[in-house]
Amino acid sequence: MALEQKPGDLQADPLVALEGAEDLPAIELTDPLWRIRLRLLWRNFKKNWGLFAENKIGLVGLFIIGVFALMAIAHPVLMATVWGGDNTEIYDPVIGYDAVVKEFIVVEVVTDPLSEIELIDARFTNINAQVGDIISQPQQPAPPSSKHLLGTDPLGRDVLSQLMFSTRAAFFLGMVAALVTVFIATTVGSMAAFFRGFVDSFLMRLADLILLMPLIPILIVIGGFWTIELWQLGVIIGVLNGFGGVAIVLRSQALAVSVKPFVDAARVAGGSKWHLIFRHVIPNVLPLSFLYMMFGVTEAISLEAVLSFFGLLNVDMSWGLMISVAQAEGYLLRGLDVWWLLFPAGMAVSVLAAAFFLVGRAMDEVVNPRLRQR
Amino acid sequence: MTTPLVEDTSGLKSGQTLLEVDNLIMRYKTKQGYVSAVEDVSFVLHKGEALGLVGESGCGKTSIALSLLRLQADNGEIMGGSIKLGGKDLVPISEEEMRTHRWNDISMVFQGAMNSWNPVYRVGDQIKEALDLHWPTRLSRAEVRERIGELFALVGLPADAQDRYPHEFSGGMRQRAVIAMALSCNPQVIIADEPTTALDVIVQDQILKELKRIQDDLDMSIIYISHDIAVIAEVTDRMAVMYAGKMVEFGDTADIFSAPRHPYAWLLLSSTPSIVGPRRQLAPLEGEPPNLLDPPTGCRFNPRCPFATDQCRVEEPPLADIGGGHMVACWNYEDVPVGITAGGVA
Amino acid sequence: MLRFIGVRLVQMSLLFLVFLTLLFFLLQAQPGDFSRQFLDPNIPAENRDLIAARFGLDQPLWRQYLTYMGNILQGDLGVSFARYPRSVVSVISERLPRTFFLFTFATMLSYYLGFMLGKVLAWRRGGSQEMGITLGGVILYTVFYPWFALVMIWFFAAYLDLVPVNQFLTPIRWREAPFSANTVFASIIWSTLLLTVGLGLSLWASRKPDNLAQQRLIRWGGVGLSFALFLAFWLPSDRRTFATDIAHHAVLPIFTLALVAFAGVMLITRGSMLETLKEDYILTARAKGLAPKTIRDRHAARNALLPVTTSFVLGLAFIIGGGLITETVFSWPGMGELLLVSVQNQDIPVAIGSLAMVGALALIAHIVVDVLYVFLDPRIRYQ
Ligand SMILES: Nc1ncnc2c1ncn2[C@@H]1O[C@H](COP(=O)(O)OP(=O)(O)O)[C@@H](O)[C@H]1O
Ligand SMILES: [Mg+2]
């Protein structure tokens, strides 16, 4: 590298240090440092983006995330316009209600739930109902119509509105969990690697313990005895991941970094311990952190859905809850007959989780060169 | 020199021809295009002969070695030429047939042979694997042990070392065991690709001597590959200098050492502190080997060559015999000074 | 080796104590205490205090902690609230074998299949087939599991009507049964366990002799004998029809759990295989002229197995969580279902007891894998 005027400072720029600068065009040494830095950052971003974009699956993942983000943004807009005003009562994802009154034939055994009704159910509406009668009653869940593009749920609420509304919760939770994870894991990993000795073994034993703990059962017990809010779940997942598995991975990365020449150079130049950690070790561990952020989001989204599926999370509306409602009302065994109850919510959880996972895998190939195909 | 050197009319050493490589071309296909790692390489290996391949790293030495076994990476393809082993061309035969030749006829000591061992199996069992496959008769367990014991004795390892795992060996021991494994099926040719690069100097020297002794005792043919011209000087009878996938000089090791005719060989020699031969002044070899995705036109060495002329930049010099079997691919080899000084090189 | 196991056992017991301590504080951190949560608020204050004193709730925290730990370590987990007066231990001991059964089968199946497919995938890197299967693996791996289980039930039980919908057995069939479901279930577990041991032994013994014919004889003889003994036990038994009833109910939950766990194993195996294939010893093996299949199985896959085994420990929490969801969704009366129902009923002793058991299960599986690892990787030598 041609830039030696501040040993261990510019050299330690994570991006320069990670990628090496051989193939970058020459840089004017007269430019101010920050501008060089910015330019390096930009170049590196372009380079990494190129590597990332080679992986079509990663792009698909990114695209899916984008679509979901649009859904999250579109919901409040729709609620303020098309679904707003007088329609709020109909389209509100939580307290909305709309049911078309429809005629049903009363039968003993229902074969087509969309036009027939069981005798017992019919008697809720009309105590004198007999088999063969035709009775009118609100249809819920109702199949998709022009008014409700994805139909309504067993409580007469618009499924599309629920679906879009829940996207926000998923992103929010994923974000909280991922940020907490990265923050804690980066700190823990760097400290363990840098201080070694007691700090290291304590933090790593703790990580082992957390890894061994069966997360879902514990969350179920916690969720059963307290009311957990969404953000609290995010923090719990973040803390457990941050002190657990991710810390172990980042520690080994930090260990590898802290023996690199530029860290030595900075140490010789008289950098303090904290300076070294924050300026040199952490920035170089960050790319790997981002990778685990993606996997963290995947996990958080699934966990949230599981907990709200079991009714153990205090949330107004979420994908897990949508499925839980449909199951509780016994609609799921009807399968394709009520596909709008079965598929949109379940697919949304799975697809969004998969999208983050795919982006994570694609990033893995950028961050870990050994995974790259030639 | 251990085998008597008798010059025949063609300039090649007498003795039975074992391996004949003609106009071999091997290229790696990459997203950016073809990497021409082995370009039009020809040589002959005789029985009992030690042949050296030398060149900076990235010149295609390993690629040649792997091509001989048809083990080049998945993206590598032999695009022309022939590899005749005892008169039989190995290029067109099927993969199944090729497998019967590997190790049985041509075995290899790999670059970084330290990692050539599978960590989860005992060393003896890994050699047994080759014997089970290639030995003409089916050996019983006791016979296999005995055979491995003999091989180990040959390379200076105790016979009971075969029951140990690779991680229980030191680097030098692993290397010796690798040589024993390469010898196990009595191959006609052994390719030693940087056999000592990863070892410390003393062990390096021991192992080279041992290889040389074994070669003499068993009258074997070896192809030595090294970026270190001193190693080649020590153990080979004839040598080839590789540059950027091409063979630029070929001849008796002694001839090339006393009077390299290709500018690259000349610079390579003069930039190496001499172990053998007269004291030399160090001349720098500047720059780096070219990117083989897009090699320079004309002579591939021209951008780094102090003797380059306009002709060199457009026209590729053929590998031509300049007498006594000494072949050089250079338009201006006569300009290269005999005897080495740093004087003419800027 | 024995010493290594001993050390691991001690370490794990310590971890278990830490785990129990955490559980205790988890309980303590609840708002209010038991006397306030579970008693009629109209009870006079002095009565409430009396009851609290009887349960030791007036004691200082550290005494409560000691009592709690003492009781648990003596195997006394208290009495279930919801199933009063059954003890928690008796409830758990009925449930534990069922969970063990589900968990063991699903795990073995998923690791076996995942490993086999993963190694083939990595070996054939690059095809569109490989891409498709990998993508399928990712989808299975990230699928919302409860939902997936429901879809499986709908498809296989309701739509195709291949297997019964949920539950552990068909109650009507058992009305006249001369023995309890638990005894039949115990014989299922023991017989399959012995069968597995028999199969393992024959594979192991077949490696010993020097010639191929003998090896084959021992291998197939041993396998045949194991199956013959298994059938000889079940065919004449009057428990057979009942056992098949249980097995019939077990198929779908095991298959579903295995399918999801399988995807993770497959992806890990593929990644680990791809790494191994770059190793020098693979090139050596090719240079030796070994057949591709030998290289794949004996050299690459054997080494790729190591990270996969390590990942088992990490995957454990995943499988346990998955097992819990499986039990709940399939109404399979095991530990997981017990845990969820007890949490929903606020049956605290049972909830804590089953969580402690699940923790213990995880630790034991961890030790088993650790010991296994020593056999798999000769580089690891525990003094
Ligand atoms: N699998 C491959 N794909 C593309 N290029 C390769 C591959 N393997 C080697 N190369 C390139 O081929 C050239 C020759 O490499 P190699 O035979 O290893 O040289 P040497 O052994 O002389 O160091 C180098 O430029 C190297 O980058
Ligand atoms: Mg090489």
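Keep in mind that what you see is a predicted model, and the values were worked out from it rather than measured. The figures that follow rest on heavy atoms only: side chains count, while hydrogens, waters and symmetry mates do not.
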Search all heavy atoms of A:V306 against all heavy atoms of C:F144 and return the closest pair with its distance. N-CE1, 3.5 Å
Top residue by heavy-atom pair count (under 4.5 Å) with chain C, among A:D208, A:I220, A:I218, A:L358? A:I220
Select one option (side chain, backbone, both, neither) describing which atoms of C:T134 are under 4.5 Å from chain A's heavy atoms. side chain
Among C:A362, C:A157, C:P146, which residue has the highest count of heavy-atom pairs closer than 4.5 Å to chain A? C:P146
Taking every heavy-atom pair that is under 4.5 Å apart, which of A:L211, A:I57, A:L215, A:V221 has the most such pairs with chain C? A:V221
For the interface with chain A, which of C:V151, C:I320, C:L15 has the highest count of heavy-atom pairs at distances below 4.5 Å? C:L15
Where does C:L135 contact chain A at under 4.5 Å (heavy atoms): side chain, backbone, both or neither? side chain
Dump the intermediate steps for side chain to side chain contact (heavy atoms under 4.5 Å, CB included) on A:F310 and C:I325, then the final yes or no. CA-CA 9 Å; A:F310 287 140; C:I325 296 169; 4.1 Å; yes
Tell me, for C:Y159 versus chain A, whether the close heavy atoms (under 4.5 Å) come from the side chain, the backbone, both or neither. neither
Between the main-chain N or O of A:A345 and the side-chain N or O of C:W147, is there a donor-acceptor pair closer than 3.5 Å? no
Using a 4.5 Å cut-off on heavy atoms from C-beta on, say whether the side chain of C:T328 contacts that of A:F309. no
Quick one, A:F357 and C:V138 - any side-chain contact, counting heavy atoms below 4.5 Å? yes
Count the heavy atoms of every other residue, nucleotide or ligand shown that sit under 6.0 Å from CE of A:M347, and state whether that count exceeds 12. no
Interface residue of largest heavy-atom contact number with chain A, from C:L361, C:L339, C:L150, under 4.5 Å: C:L150
Is the side chain of C:T142 donor-acceptor paired with the backbone N or O of A:A353 at a distance under 3.5 Å, no angle test? no
Heavy-atom check, side chain of A:L312 versus side chain of C:L340, under 4.5 Å: yes
Closest non-hydrogen atoms of A:P217 and C:G321, given as atom of the first, atom of the second and distance, are CD-CA, 4.4 Å
Which answer fits C:L355, side chain, backbone, both or neither, if we ask what part of it has an atom under 4.5 Å from a heavy atom of chain A? side chain
Does the side chain of C:L267 come within less than 4.5 Å of A:R361's, by heavy atoms? yes
When rounded to the nearest 0.5 angstrom, what distance separates OG in A:S350 from OH in C:Y145? 13.0 Å
More than 12 heavy atoms of other groups within 6.0 Å of C:F24 CZ: yes
Quick check for you: among A:A348, A:G346, A:G224, which has the greatest number of heavy-atom pairs under 4.5 Å with chain C? A:G346
Per-residue contact mode, C:M131 against chain A (heavy atom under 4.5 angstrom): side chain
Straight-line distance of A:R205 CZ to C:Q11 CD, nearest 0.5 Å: 8.0 Å
C:F16 atom CZ, neighbour heavy-atom count above 12 within 6.0 Å: yes
Name the option with the most non-hydrogen atom pairs under 4.5 Å to chain C; the candidates are A:S302, A:S324, A:A305. A:A305
